[in-house]
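First listed ligand is number 1; within each ligand, the first listed atom is number 1. This chain uses plain numbering: 1 for the first residue, then up along the sequence. Computed from a predicted structure; not experimentally measured.
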Amino acid sequence: MTSHYSRRAFLKAGTIFTSFGLTQQLCGSLAFAAPAAMDFGTVSFGVISDPHVDIKGVNEFKMSAGSVDCVAASVAALNQHNELKFVMVCGDLLLDGEKENAIAIKAELDKLKAPYFVVAGNHDFKPAKETALRSGFNYMSIDDFVRFFRGHGYDKSGKRFYAQQIVPGLRVIGLDANLPGDTKWGGVLPDEQLQWLEHQLSSHTDAMHVVFIHHNLVRWSADELEGGPKQWFTIDNAPQVRALLSKYAAAVPVVISGHRHIGLNLRQINGVNYFTSPSVNSHPMRFTIYDINKDGISWQTQRVPMPTQFHLSARENMLNSTWWRQSECAERNSFTDEQVLDLYENNAMQMGSMKLKS
Ligand SMILES: [Fe+2]
Ligand SMILES: [Fe+2]
């Protein structure tokens, strides 16, 4: 057996070590979740995140000129999976809260064979900064967005959060930590939702819940630490929300977020498994299919079926995007590019499975 150890593998190991240390520092010890009581068979579902549709866009880090095509291609690919019980669109559907872009993406999402749900991201309502507004667009408030996607998780109450039963024994919860009217793109989960969430979990302890929230509840890199340039990928009261979820970990073993635009990643903290989803509109442009039952979860991320040249442009645009690179990799060279690709592709997580047992 060869003991060859590539530089990429070495870097990967370093990243994992750093992340693990970070987790220990921030969140305490790791644990697996206990299984839910009710056997609901196996349920398959898809996740599309951060499509950032813009009908007048140009291709930068976000491949806006191709954004509608990216959603259409993702929808067509997901429609080949007849087993899907639902698809979640995990926020940032729009470039910046434009009604016209909402109409464009809804026209594509409505072609999904499976029912689809939506949670709002920080780009799904009128930006607080006037300089972000563009002529030729009408802008929606977050309440407009919720009304526009009523029936896709949101109900007639107009509330920005919801619970939906998929099958007896499996429920989906959509949360919203957005701060509309604030120039900050981070979030805080309000007390109203914390109390509602606790009520949902405490009154459905025999069911398994999958929570979807656009913002992250864990930090994935050093730049995301409090005070860092990317601190707002994680909500301010994440420790409080995680503590609540851990209290009911047997009933809520899985949380899935978007917002961070890195390849699928997973962190286990005190019985709860936190996933962050790749964007279908920035490198590596992937969507995810999960299979879940009371004993475990498996997943595969698939590349959005767009032309090779489009993917190559997305990768180059990502590498050239100073803001999105890790601070320690600000200067481009082959070594730092490799570290950036490791974080953003995270290819080791393209497929996997884990037991949801203590
Ligand atoms: Fe996003
Ligand atoms: Fe976002």
Side-chain angles (χ1 to χ4, degrees), residues 47-54 57-68 70-71 74 88-98 101-102 104-105 109 117-129 132 139-140 142 145-146 149 160-161 174-189 211-221 223-224 228-236 238 241 255-265 274-288 301 304 314 317-318 321 323-325 343-346:
V47 175
I48 293 174
S49 197
D50 295 81
H52 286 281
V53 157
D54 185 14
V58 294
N59 290 335
E60 296 175 331
F61 171 79
K62 295 167 186 166
M63 297 292 282
S64 296
S67 55
V68 176
C70 283
V71 175
S74 300
M88 174 60 75
V89 190
C90 207
D92 281 359
L93 281 68
L94 316 175
L95 189 72
D96 265 322
E98 306 88 348
N101 289 337
I105 190 171
L109 294 173
F117 304 128
V118 166
V119 292
N122 55 302
H123 285 276
D124 291 329
F125 46 87
K126 184 179 180 179
K129 281 184 184 167
Y139 287 87
M140 299 189 297
I142 195 162
F145 179 88
V146 166
F149 283 102
R160 290 154 48 184
F161 50 92
L175 298 176
D176 184 327
N178 286 298
L179 299 169
D182 197 315
T183 54
K184 176 177 172 175
W185 46 269
V188 176
L189 196 69
V211 167
F212 292 91
I213 177 171
H214 177 67
H215 289 82
N216 289 270
L217 300 182
V218 300
R219 304 180 191 274
W220 302 100
S221 69
D223 282 340
E224 290 153 66
K230 298 181 177 69
Q231 64 174 319
W232 292 338
F233 280 126
T234 307
I235 64 174
D236 293 357
V241 181
V255 175
I256 299 177
S257 297
H259 193 41
R260 183 59 186 85
H261 287 245
I262 55 175
L264 188 71
N265 211 335
Y274 297 89
F275 289 84
T276 194
S277 311
S279 166
V280 295
N281 186 238
S282 64
H283 186 70
M285 289 196 293
R286 294 172 184 159
F287 58 87
T288 310
T301 56
V304 177
N317 289 353
M318 186 274 286
S321 178
W323 188 85
W324 288 90
R325 295 174 70 91
L343 175 66
Y344 278 84
E345 294 181 345
N346 199 27

Task: salt_bridge(Lys184, Asp236) N-O dist < 4.0 Å - done: yes
Open item on the list: Checking the side chain of His214 only, and the main-chain atoms of Cys90 only, is there a donor and an acceptor separated by less than 3.5 Å?
Closed with: yes
Open item on the list: Given the Fe ion (ligand 1) as the apex, I'd like the angle to NE2 of His52 and OD2 of Asp50, rounded to 10 degrees.
Closed with: 110°
Open item on the list: I need the single residue from Thr234, Asn265, Ile235 that forms a side chain to side chain contact (heavy atoms under 4.5 Å, CB included) with Asn216. Which is it?
Closed with: Thr234
Open item on the list: Would Lys230 and Trp323 count as a cation-pi pair here, with the cationic atom under 6.0 angstrom from the ring centre and within 45° of the axis?
Closed with: yes
TODO: Indicate if the distance from the Fe ion (ligand 1) to the nearest N, O or S atom of His123 falls below 2.8 Å.
DONE: no
Open item on the list: So, of the N/O/S atoms that His259 has, which is the nearest one to the Fe ion (ligand 2)?
Closed with: ND1
TODO: Please note down the angle at the Fe ion (ligand 2) between OD2 of Asp92 and OD1 of Asn122, to the nearest 10°.
DONE: 110°
